[in-house]
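Atoms considered below: every heavy atom in the structure, side chains included; atoms not considered: hydrogens, waters and symmetry mates. In listed order, ligands and their atoms are each counted from 1. Numbering starts at 1 and runs along the sequence shown. On a predicted model such as this, the values are computed, not experimentally measured, just so you know.
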Amino acid sequence: MQVASPDGRNQVTVELRDGRLTYSLDRDQRPLILPSLVGFAFRREPPLRDGLRITDSTRQSHDEWWTQPWGEVARVREHYNELAVSVTETDRPIARRFILRVRAFDDGIGFRYEFPRQPGLAEFVIQDELTEFALADNARAWWIPSNYARKDRSEMLYSSGPISVLDSVQTPLTLQTQDGRTFMVIHEANLVDYARMFLRGARSESRTLTAALAPMADGSKVRGRTPFVTPWRTIQLADQVTELSPSLLGLKLNPPNALARTDWIHPMKYVGIWWGMHINTMTWSSGPKHGATTENTKRYIDFAAANGFGGVLVEGWNTGWDGDWIANREAFSFTQAYPDYDLKAVADYARQKGVRLIVHNETSGGIENYERQLDSAFALYRSLGLDAIKSGYVTDLTTEGHSHYSQYMVRHYRKVVEQAAKYGIMLNVHEPMHDTGERRTYPNMMSREGSRGQEYNAWSGDGGNPPEHETILFFTRMLAGPMDFTPGIFDLLIERGTGRPRRPDEPRIRTTLAKQLALYVVLYSPLQMAADLPENYERQPAFQFIRGVAVDWDTTRVLAARIGDYVAVARRERGGQSWFLGAITDEEERTLDIPLSFLAPGRRYVAEIYADGSKAHWLDNPLPVTISRRPVTSATRLRVKLAPGGGQAIRIRLAK
Ligand code: NOJ
Ligand code: CA
């Protein structure tokens, strides 16, 4: 049985082979995924995979446009053809059955399993999901491992190589076929009550990847009872690398917005008492260097108000940070402030200035401690008019011994999103569950980390993120959804923390200053931080770009790119006529030839260009930025010159 995308190019075949159900995927009649098994291993039950018979199949089509309350694009077309195949076991006294539901879109496919209520399967424990992805060719992959020393986090650097060498990797997994004709991204969508999926390679010359689920403390993967549906397994498809982003497939496989009102949800830029802790000039804990004091916070609020920032993040405001805050995770209070921080006074002060505090909730994985306090904490924040939280889960295992990415944690994250929505609170989650598109259903789920962000440039033992890092992130992690990368460090050599410029072998920022600006356009987040200390923005003309850049978009176009080398993106601000362009490169200098054909024809614009200064170089001369203005139209071609480790940021406004 087959189902094809509306444009007819992507075709999924579902068929029985020796009593086992398989799916395969072709694009333009070219095989991409060879017949691949589906099924499950259960605890204390035989696997559900063998001796199957197809009992029924249904088809439907869907074509609908909807508007995102905020996003990298405003309008999304959800257009697919669907095939649902029902199968049952033939050789057991009480046969079990399930449905494989497949949706074929022009930009990829998704499939999931559905278990109807049935006598042979009531309560169950899944030990393993047996879904395979048998790749037709030894495609090149960009990946981060999942069986690493810090096995439950996603904060590693990316590697690239043929899939036959993969061991165990995280999704989104980005692949390019050997002939270069097709890009594929394997991921999942609508992860609500299940374990996070990883992909396991065969560790041989095999090209078959298998789903692997994160375990709970007792080794089980998923506990449920029928009726039950799994997350979607998704394969995004594109001919050109520039078509991979914006990636909307996962959103289209999540249920529509569940909130009655979304007018309280607002993308914004923010500053915060944060970088100081990472470069050691402040502490989260109490003491002489305590960052979260009333006075210091007021200074940040003044700075935010003077420069048009919506939020001020304050970390280390609540008790529990003294001593080893990871080991003492059950001691965090989410309502009690340190004595030198008057929460109500700063919340009021911020409000008068038209700014809002972003409340920090670091749990360190003390999940029960956090859940016990959710109601009282959220009620307190709401009573103070605070509507945004940055949370954190610095841990590999929860107190109860569950994997960071287990079903237990999936349920926890969902509970927090729902609770937050009830209290009118937006979320920015660090060390999160990976993004599977839940922002469509809960648009208060704004941003998350879930990757190696700017913080590594402050303290990482390997010296920080290499210049190519963000050119890979864009085509891997960022395809899952927004990331709170926290760009905008201007003191690139971290002189202020150390009293001297850091040496090249010490952790520091391995970009030019212009590239820090470009990241505001390249790395999408509806909550975008200006991460440096306010004093580092003083008397810096380049700061003007950060003040002016938008955070919510009507349209996004990737103009030029090669994974790991460079990327140039243009975005039009939501509800406006201004465009912003960001271009970044790896350690190579390059000049991109960029036609501005995305501009409205016949209109005159002015481009404000923040470029790498002459002789700028991430290694030994990262600071020079040249700011210039020039008239442009849709017929203009820009020569965008990027220094080694450099970037360029451009604001394009209608001419007066
Ligand atoms: C890790 C987060 O990514 C970082 O932003 C935060 O400052 C620390 N945890 C402390 O919560
Ligand atoms: Ca982190």
Side-chain angles (χ1 to χ4, degrees), residues 144 148-157 170 270-286 289-292 296-297 300 311-329 331-334 338 357-367 369-370 377 388-396 404-405 409 413 416 427-435 446-462 464-465 469 473 477 480 482-489 497 507 509 523 525 527-533:
I144 48 175
Y148 216 47
R150 298 169 67 175
K151 65 170 177 251
D152 286 324
R153 307 270 281 285
S154 304
E155 302 179 355
M156 303 108 174
L157 293 173
Q170 306 196 20
Y270 71 99
V271 292
I273 297 179
W274 178 77
W275 186 242
M277 279 81 102
H278 290 267
I279 61 171
N280 245 322
T281 61
M282 298 176 195
T283 58
W284 285 280
S285 53
S286 60
K289 291 204 289 184
H290 187 213
N296 200 23
T297 306
Y300 274 73
V312 174
L313 167 70
V314 184
E315 295 199 2
W317 67 276
N318 57 320
T319 58
W321 289 94
D322 295 333
D324 180 343
W325 55 267
I326 300 182
N328 301 337
R329 54 194 173 181
F332 272 120
S333 166
F334 299 100
Y338 276 116
L357 297 178
I358 298 174
V359 188
H360 188 229
N361 287 177
E362 172 61 62
T363 68
S364 309
I367 302 305
N369 177 49
Y370 190 38
I389 289 176
K390 171 182 169 182
S391 56
Y393 294 84
V394 177
T395 182
D396 286 334
H404 196 149
Y405 293 127
M409 287 299 283
Y413 285 113
V416 176
L427 287 180
N428 172 12
V429 183
H430 277 229
E431 299 81 40
M433 190 59 62
H434 67 176
D435 194 332
M446 309 292 286
S447 197
R448 57 186 107 198
E449 190 189 35
S451 196
R452 215 172 125 124
Q454 184 92 272
E455 61 183 14
Y456 277 74
N457 297 329
W459 40 252
S460 175
D462 57 15
N465 302 326
H469 183 55
L473 272 191
R477 161 67 182 81
M483 177 181 173
D484 187 37
F485 180 87
T486 71
I489 297 298
I509 290 81
L523 300 179
S525 178
L527 302 176
Q528 199 69 287
M529 188 176 200
D532 212 338
L533 310 172

Legend entry - Contacting atoms of ligand 1, where contact means under 4.0 angstrom from a heavy atom of Val394: 1 (C), 9 (N)
Inset, instruction - Using distance alone, determine whether Glu455 and ligand 1 share an N or O pair under 3.5 Å. - result: yes
Inset, instruction - Please identify which atoms of ligand 1 are closer than 4.0 Å to at least one heavy atom of Glu362. - result: 9 (N), 10 (C), 11 (O)
Inset, instruction - Please could you name the atoms of ligand 1 that His360 approaches to less than 4.0 Å, counting only its heavy atoms? - result: 11 (O)
Legend entry - Trp274 N/O under 3.5 Å from ligand 1 N/O: yes
Inset, instruction - Please confirm whether the backbone N or O of Thr319 pairs with a side-chain atom of Ser333, one donor and one acceptor, at under 3.5 Å? - result: no
Legend entry - Validation row: Met446, Pro482 side chains within 4.5 angstrom (heavy atoms): no
Legend entry - Heavy-atom donor-acceptor pair, Ser447 side chain to Asp484 backbone, under 3.5 Å: yes
Inset, instruction - Give the ring-plane orientation class for Tyr456 versus Trp459, where under 30° counts as parallel, over 60° as perpendicular and anything between as tilted. - result: tilted
Legend entry - From the candidates Lys390, Glu431, Gln454, the one that places a heavy atom nearest atom 5 (O) of ligand 1: Lys390
Legend entry - Test of ring centre spacing under 6.0 Å for Tyr370 and Phe332: no
Inset, instruction - Using a 4.5 Å cut-off on heavy atoms from C-beta on, say whether the side chain of Trp325 contacts that of Ser364. - result: yes
Legend entry - Atoms of ligand 1 close to Trp321 [distance to a heavy atom under 4.0 angstrom, numbered from 1]: 10 (C), 11 (O)
Inset, instruction - Give the residue and atom name of whichever protein heavy atom lies nearest to atom 3 (O) of ligand 1, and the separation in Å to one decimal. - result: His430 ND1, 2.7 Å
Inset, instruction - For Asn457 and Gly464, indicate whether the former's side chain and the latter's backbone hold a donor-acceptor pair under 3.5 Å. - result: no
Inset, instruction - With Trp284 as reference, evaluate Trp274, Trp321, Trp317 under the ring pair (Phe, Tyr, Trp, His ring centres under 6.0 Å) test and give the passing residue. - result: Trp321
Legend entry - CA sep, side-chain torsions, deciding dist, call: Asp396, Arg153, side-chain contact (heavy atoms from CB on, under 4.5 Å): CA-CA 7 Å; Asp396 286 334; Arg153 307 270 281 285; 3.2 Å; yes
Inset, instruction - For the residue pair Tyr405 and Ser154, establish whether any side-chain heavy-atom pair is separated by less than 4.5 Å. - result: yes
Inset, instruction - Enumerate the atoms of ligand 1 whose separation from the nearest heavy atom of Glu449 is less than 4.0 angstrom. - result: 3 (O)
Legend entry - ligand 1 versus Met277: contacting region, heavy-atom distance under 4.0 Å: neither
Legend entry - Nearest non-hydrogen protein atom, atom 7 (O) of ligand 1: Glu315 OE1, 2.6 Å
Legend entry - N, O or S atoms of the protein lying under 3.0 Å from the Ca ion (ligand 2): Glu155 OE2, Glu431 OE2, Glu449 OE1, Glu449 OE2, Glu455 OE2
Legend entry - Non-hydrogen side-chain atoms of Leu523 and Pro487 separated by less than 4.5 Å: no
